[in-house]
Amino acid sequence: MEISYANYLISRLSIFKDPFSSTEIQTEMLCYPISYLAEDQLKGLECGLLQDIEDHQLIFDSLQKDLPKSEKLSYEHHFIADGAAHLLANSHRENFVFLLGTPKIGKSSLLRKIALLAAQNLKSNSNSPVPLLVNLKKVMEYEVSSMVQFMEACYSQLEEFEAFLRQKFFHGKIILLLDGLDEVKGQKKKVCEYVFKVIEMYSSLSLCVITSRFKGYIETKGAVVARMELIPLKLQISMAQYMLSELQFERFVSIVTEGSNFYSEFMSTPFFLSLFLDLFRWGEIGASENISRGILYSIGLRKLLGKSVTPDIFRFLELLATDILAKDIREFSFLDVQKLGFGDCWNAIKQMPIFIRVENDIIEKLSTGPLSDEEYYRDSIDAECGIGEVKDTPLFQALKGSTARLSSIQKSSLIKDRIFSMQSSKESLERELNCEALEYFRFLSLRFAEILSAHNLINQIEDLISQLAGAFLMESSAFQKAFNQCLPKNYLFSRKYREVVTLFASLCNENIFENFIKYLLAENTLEFCHIAERLLKERNQTHKFKHLINKLKQSKCELTKKQFVRNFSHPSSVVRRICRSEAIDNGIFEMEMQTLISRNFEASLRLSHWLALKQISAVCNDSSVRVTRILLNRVVDIAADMIQQANKSQSYKSIVLKVHLTLLLASFEKVDKSPSGKNSSSSCTTPPSNVSIAPSAQELFDKNTEESTIRISFDRMKIPRRDSVNLDRMGSTNKVISTLLEALRVCESIDVNLTVRSLILLGCSMSHMHSALAGRFFNLGDRCSKLDILQVLRDLGFVTQHTVDIPLLCIDYSKETKEKAKEILRLLNAGKLKKYAMNVLMKDESQPVKSILALRALGFASSFELDEEVVHFLVQFIDHYDLLFRLEALKSLYNLISATQGINTQDTQIRKILAAAPHVIRDRLKLPKYSSTMRIASLKCLIALWILLDKGREDNHICEMNHILVKEQLGTSFLVGSLESIMPILYEFLSSDIQEEIDAGWQCLIEIDPFSNNSNFPEVIKFVKNVLLDSRIKTRKYALKLLVKTIPSLELKDETMKILIDLIPIFTSKEIELVAKIIFNWSEISSLKSIFPPLSSAILPEFATHFSNIFHLIDTLGKVIDQEYGYISEIPQTGSSSEFKQLNHQNKSIMNHITENLQSTLKSSIPKRNEFLDISGEPSFFKDDSLQDMSIIEIDDSENKTSLDSGSGDSDEKLPSVVLCYTILKSGIKSEAINHIVLKYLKKYDNIDEFCVAAEAWAIINGSKEFYQPQVEVALNNLIDDYPEKIAKAVIDLKFKSDSICNKLIVNLSSGTLKLDYTYKAILISMQLNSSAPLEELCRLAINYTNNDPQLLLFIHNQVSNTIEQFTINCDSQLKSLIICLSNNHCGLLVQPIWQYWTNRLSENPGYVLPEDIQIVLENSEDMDSKFLLRWARTLGILKVEFVGNESIISMPTRKMWNI
């Protein structure tokens, strides 16, 4: 049976008959390209927003011709050449495909090919799936009410194989091919439901493909959506090979490949390919070489219409096409035809092959009963159906109106009323109108409407020219008058008329064409030149219009030069890229561009504000090296002048200087694209430094450098200077070097990194640079950044006699500066550093500061092991008469011991040198003149010596050596002492009244690890127990860190655990994490079973922190176990593991009960729901979509209304703690009761801490969705002035959208009260842009803000630039705000997001039109960037056509018919 069925299908489907020539072609030789729809296109189809998607492919091809070349790459479209073979081969991955396509594009033929290929597979392999090709229109003619009946109707189309197909279907061995879903009137949803049930019940179904036009699409679960693509030229040639003779094919190939690409456009569907080939066979195409696209479409149109069509009908077609384009609709009905005065010809018109019948969605749904809520909204999008001016009929009153698309679901109620009116008047409508009025048609191709409209335009112009013939002396004036009168405003700049104009140019006579090109060139703008260029290409008669082409080239070249000069240094990379691309396209050579840049560079560099200069250095990256070398002299001269101006104390000028230095570096340095380099000190992006690490650490340490003593190089990590191109010495170079060196010494806000790199580039000597750095450090003092100087020294790779003291002095500064200084000192060559320090110490002590720094340097003068000479020096100085020397010696000895970790402590000589130090230190600790700093340094050094010399040893009381100072034998082998002798000293520090001494005591106690000796357990544990009861958090944390290291006896463990459990309610988050580690180490998980207080107290605020800490403890304990065992599920089945699992389950159950209690407590104040909670004992059971039905509006509407001006509107209501709610949300439990509580806290502003926790909780609830609520906005406004940084964080958590909050954030940024690195993120998130005010304020801050604090100025400029560069536009209202801001503030960086928004919208919808109010703003603006955008809005054709008054484009009578 399989073979019989396969042979039957092969015999039916193997031959395709050409509809025009009846030529028989092998089906498998034909290819039908497809592609998959993107997610945004799917959403547009589902909502009905892409109502003209059938024309999008043609519109997109037109758009491609107008895009700048630099932007075309982002519009590349990929498709699959042989869609049938692809769908069949990939059926195992995509077994349910919804295939969409325009009329006559080959949807049914593609299904036939799939069926043929599957039949051939079945013939060769009987186990292959069986294809079933079904016409849905015939299937739904039966009374189908179930899935079984639907399938039976499908089998019935092949009666002789019905039983065979039924058997294969139940075995899942069938390929279901359903053709023509759009032809099923009012039953599309039923069909999709049946098909989905088939797929769901028989998941092994091999493949199911449904074809439909775009208007027939219905969202179907599980379906992959693809669309038929236009046939590219290669496939056209391939398919024509099987439809033409050999001689005809050769001539065909020569014509379509050597001529213009409009042949390929005409043949882009199988139907039109057949039409073209038929015309080609009969010589109607191909005989003349001067054929144009307009003539080609006119010939095709005449062929389809035939010779029997009268001139009146042609006149009607022209008027109808023009009327449809003017109304921006695609469909027409009898009423439209009647309005044009051709109602009597309706029956003849319906039969014309250039029209296809379409189903109107609303009329179709009226015949199937009431609409669902989703259908109300979807149908409201397409309410305009182009039905004319029929009055007194409710249906047409509802349908009449604007074609504007609804943008909000809030308008759906109005549409519901309209649809209800339609449904109630259906019967009366049928009585009033003939059923023919409900039939809708459209042109077979959009190009037919455009070619007819072009003919109508020619007739109008010719009529007007004939009327104006005697009114003007010059013919050109008459033509200008005619063009102005016939072409409404923006007619040339509208996408829907762009092809009409080009077709008009290819059809009109030479006189009209020449005058039209002159009319365009007279405007002398690039957009008009672009249109003129397109029309000349369209005309395809280059030899006749050489004078126009030459004039066009000259005009474009001159205009492009002006644009290039104005925009080559524009802040926006988009503008620079487009202008450069245009310059190359219009014949401006590289050398000419270099000349233009050089000539106008000085004016660009001398601009007044940093925003305009910020990205000027990119011009050097955009240009070749030759360009930058030509600019060298000018850059250096201008930079020298600007540096001299910036040398003053004006911080604002230093920003300009940074830009110029960045420009200088970017011009000549090689850009390092590796991600390792990073330069955070510069506001301008500069290439990072290369870092090369030596092959082996030991080789570096063993390597002896030949550097002089005063040039101490890095030994552990070499950082070479950039591999840059050194500049040739010039007259102005020395001037720049001297000016930069002086600026480095005295200018506070200069960028040190950029300046030093510039000096290296200019060839400045290293000694001069180090001298200038030292002068800056000592002259400016606290007025300059020490960290920047240290970073430069580290990048240079060495220090000299001028700068060696800088890292030594910086050890006394802030923590970050101290760490950077230590990093430099550890990287220096230890031997040379030791030699330098020894030379200083051996001289007289006339310079005590240098001696102290030398002692400090000795602390870094050993690499891996202790140096005897260094240790000897330091031990001598620990008992120096000068306490400052004594302090530095103690610190250096401590640093030395900590760094070397006692590698050679077994050396007898080292032990002998160090033997005296502990006794001296212990003795001097008793001196009353010792300051706290001296005591702390002494203690740290003593403990380091004990850990180095005595820890882990046992005292054998053997006299091994004599005491160095008193020369008597020691009675112990300990050099420092036993732990018992050390502990009293530590207790003395731990009981001190000075916090610094307490901290030092605890740090030393943790380092010595006293629990290594069992005899000390009771004493230390008792001490720790007392400390735990201390109210000082810092001290408690030290005690907990100590307990992590020990496991005490059973008795002490029980006592300590009892204290820890009692203190859980007051512990901080960090302390809870330490407690979790203690419990795990002590295996005391079972003791946590009793930590839960009664559930009834959980919702009380005073117990909220208790519960929160308990939940945090158990969660942290789980993480500790994860780190120990990998995963909790892999924990060995011990007592502890089972105890933790029980505890974790108990914790989740308690959280569920608490959530239920919250629900019952708040039952009266929140909306009633059938299912209020979505909670479970295991987080894996939680549903992700549990909050889908909850909306903020519903919660807000159900609450008691309170005054927006009052912060205590909810104060009378006792709410559960927000901390508890946050904890429950973190665990994964979802509940509307918790959402309600969190929202209540967000409306309060009496406690900032609670508000911040509520914001974090709402971030969990709301996810990545944007949020706005009026009362929350009031709370934010009341809190932001007092807590700007916390509110900025809250805004980020909430994703809160409010322009007023955005303005407040900008005000706090400018005042310096908001100094967070993520400030720009808060501004971006909150910027709603209902008006342009926030963005205008930001731009004013960017351009006009000045401050005497250079760091604040730099921070603000960075935040502003990040905000502007990362902003993205989401809707047309935001676009309007941005364009208004651009027009008022001249901020060129705003061009980037505007252009990005336009390109994205055109990619989604090529027919996108700019809103009229935005168009007005652009047209009235004098800003150069606004003019740039207006020019490209015109070029891209996104402007709206404006007709004068009520006159339409068809108002003038048409007298002249066209003949081809």
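Residues: numbered from 1 along the sequence shown. The analysis underlying the following values was restricted to heavy atoms, covering all of them including side chains, and did not include hydrogens, waters or symmetry mates. On a predicted model such as this, the values are computed, not experimentally measured, just so you know.
Aromatic pair F271/F20: ring centres closer than 6.0 Å. Taking the six-membered ring for Trp and the full ring otherwise, the centers of F342 and F316 sit less than 6.0 Å from each other. Between F516 and F504, the gap from one ring centroid to the other is short of 6.0 Å. Checked against the 6.0 Å centroid criterion, the rings of F272 and Y297 do not qualify as a close aromatic pair. Remark: aromatic rings of Y519 and F479 are distant, center separation not under 6.0 Å.
For the side-chain contact (heavy atoms from CB on, under 4.5 Å) with M267, the qualifying choice from I231, V256, L235 is V256, the only one to do so. The only member of H530, H547, E533 that meets side-chain contact (heavy atoms from CB on, under 4.5 Å) when paired with L552 is E533.
Counting only heavy atoms from C-beta outward, the side chains of E1412 and L1410 never approach each other to under 4.5 Å. Side-chain contact between F441 and V358: absent, with no pair of heavy atoms (C-beta onward) separated by less than 4.5 Å. Counting heavy atoms from C-beta on, the side chains of F545 and I517 never come closer than 4.5 Å. Taking 4.5 Å as the limit, some side-chain heavy atom of L444 sits within range of a side-chain heavy atom of K104. A heavy-atom distance below 4.5 Å is found between the side chains of L452 and L301. By the 4.5 Å heavy-atom criterion applied to side chains, L58 and S445 are counted as neighbours. You'll find the side chain of I324 reaches within 4.5 Å of the side chain of F443, heavy atoms only. Residues T23 and L277 fail the side-chain proximity criterion, which asks for heavy atoms closer than 4.5 Å.
Put simply, the side chain of R498 gets close to the backbone of L492: a donor and an acceptor are under 3.5 Å apart.
Using a 4.0 Å cut-off between a side-chain N of Lys or Arg and a carboxylate O of Asp or Glu, E499 and R534 qualify as a salt bridge. Ion pairing of K303 with D278 is present here, as a side-chain N (NZ or NE/NH1/NH2) and a carboxylate O approach within less than 4.0 Å. The pair K544-E514 does not meet the salt-bridge criterion, since no charged nitrogen lies less than 4.0 angstrom from a carboxylate oxygen. With salt bridges taken as basic N to acidic carboxylate O contacts below 4.0 Å, none links K518 and E523. Taking the charged nitrogens against the carboxylate oxygens, D18 and R281 do have a contact shorter than 4.0 Å, which makes a salt bridge. A salt bridge links R227 with E229: the closest approach of a Lys/Arg side-chain nitrogen to an acidic carboxylate oxygen falls below 4.0 angstrom. For R539 and E510, the salt-bridge test fails: no basic side-chain N is under 4.0 Å from an acidic carboxylate O. Ionic pairing of R447 and E450 is present here: one or more N-O contacts between side-chain nitrogen and carboxylate oxygen are shorter than 4.0 angstrom. Remark: R566 does not engage D1425 in a salt bridge, criterion side-chain N to carboxylate O under 4.0 Å.
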request  = Decide side chain to side chain donor-acceptor pair (under 3.5 Å) for R213 and T102; before the verdict, give the C-alpha distance in whole Å, the side-chain angles of both, and the deciding distance to 0.1 Å.
outcome  = CA-CA 6 Å; R213 295 178 188 169; T102 58; over 6 Å; no
Derivation of the side chain to side chain donor-acceptor pair (under 3.5 Å) call for N459 and D463 = CA-CA 6 Å; N459 291 331; D463 289 343; over 6 Å; no
request  = Apply the test side chain to side chain donor-acceptor pair (under 3.5 Å) to residues Y497 and N490: give CA-CA distance (whole Å), side-chain angles for both, the deciding distance (0.1 Å), then the verdict.
outcome  = CA-CA 9 Å; Y497 288 118; N490 293 329; over 6 Å; no
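Atoms NZ and SG, on K481 and C486 in that order, are 10.5 Å from each other to the nearest 0.5 Å.
When all heavy atoms of R442 and R330 are compared, the pair lying nearest together is CB-O, 3.2 Å.
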